[in-house]
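Accompanying notes for the structure given below.
Numbering of residues begins at 1 and proceeds along the displayed sequence.
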Amino acid sequence: MAKSCKGLAMELVKCLSESDCVKVEKKSFRECAKEKSPLIPSECVGLRETYFNCKRGQVDMRARIRGNKGY
């Protein structure tokens with residue numbers, strides 16, 4: 001269960017690294033992931049929300065019993 005969100009995290013980093021937020025403005029991945037900027041593509045925003053839900057599912061006791069909704 002600890003690695004169930006790893007694929008999403010890697011895709012999110014890949015998506016953010018190709019965005020203008022990292023390339024043009026030279027911000028870190030963490031800064032770009034936190035902000036809601038027009039420089040971030042909608043695919044990255046969707047991946048960020050999915051990753052957040054995946055991480056939240058890891059601490060939800062009901063999801064811990066059933067297992068996290070995998071990637």
Side-chain angles (χ1 to χ4, degrees):
M1 183 140 167
K3 296 181 182 178
S4 63
C5 302
K6 188 170 184 150
L8 281 171
M10 296 306 291
E11 282 196 34
L12 180 60
V13 167
K14 181 180 165 187
C15 184
L16 285 174
S17 67
E18 296 171 356
S19 71
D20 288 340
C21 183
V22 173
K23 285 184 176 179
V24 176
E25 293 190 7
K26 307 286 187 201
K27 292 185 179 180
S28 69
F29 293 112
R30 197 173 290 235
E31 290 173 343
C32 290
K34 286 182 181 178
E35 67 182 35
K36 295 181 180 178
S37 172
L39 297 174
I40 300 172
S42 60
E43 298 90 28
C44 294
V45 174
L47 279 171
R48 180 178 60 193
E49 291 175 8
T50 306
Y51 180 69
F52 172 74
N53 288 332
C54 183
K55 292 301 277 186
R56 185 173 57 186
Q58 287 182 337
V59 295
D60 183 17
M61 283 301 161
R62 291 177 292 166
R64 288 181 69 107
I65 293 169
R66 291 186 300 234
N68 203 1
K69 292 181 182 140
Y71 170 63

Checklist outcome for this item: All heavy atoms of I40 vs all of L16, minimum pair found to be CG2-CD2, 4.2 Å
Item to check | Atom pair CD/NZ of E31 and K26 - distance to nearest 0.5 Å | outcome: 13.5 Å
Checklist outcome for this item: The side chain to side chain contact (heavy atoms under 4.5 Å, CB included) partners of E25 (sequence neighbours excluded) come to K27, L39
Checklist entry - Got L8 and L12 here, is their nearest side-chain heavy-atom distance under 4.5 Å? => result no
Item to check | Non-hydrogen side-chain atoms of L47 and C44 separated by less than 4.5 Å | outcome: no
Checklist entry - For V13, which residues count as a side chain to side chain contact (heavy atoms under 4.5 Å, CB included) partner, sequence neighbours excluded? => result F29
Item to check | Closest non-hydrogen atom pair, C5 against K55 | outcome: SG-N, 3.7 Å
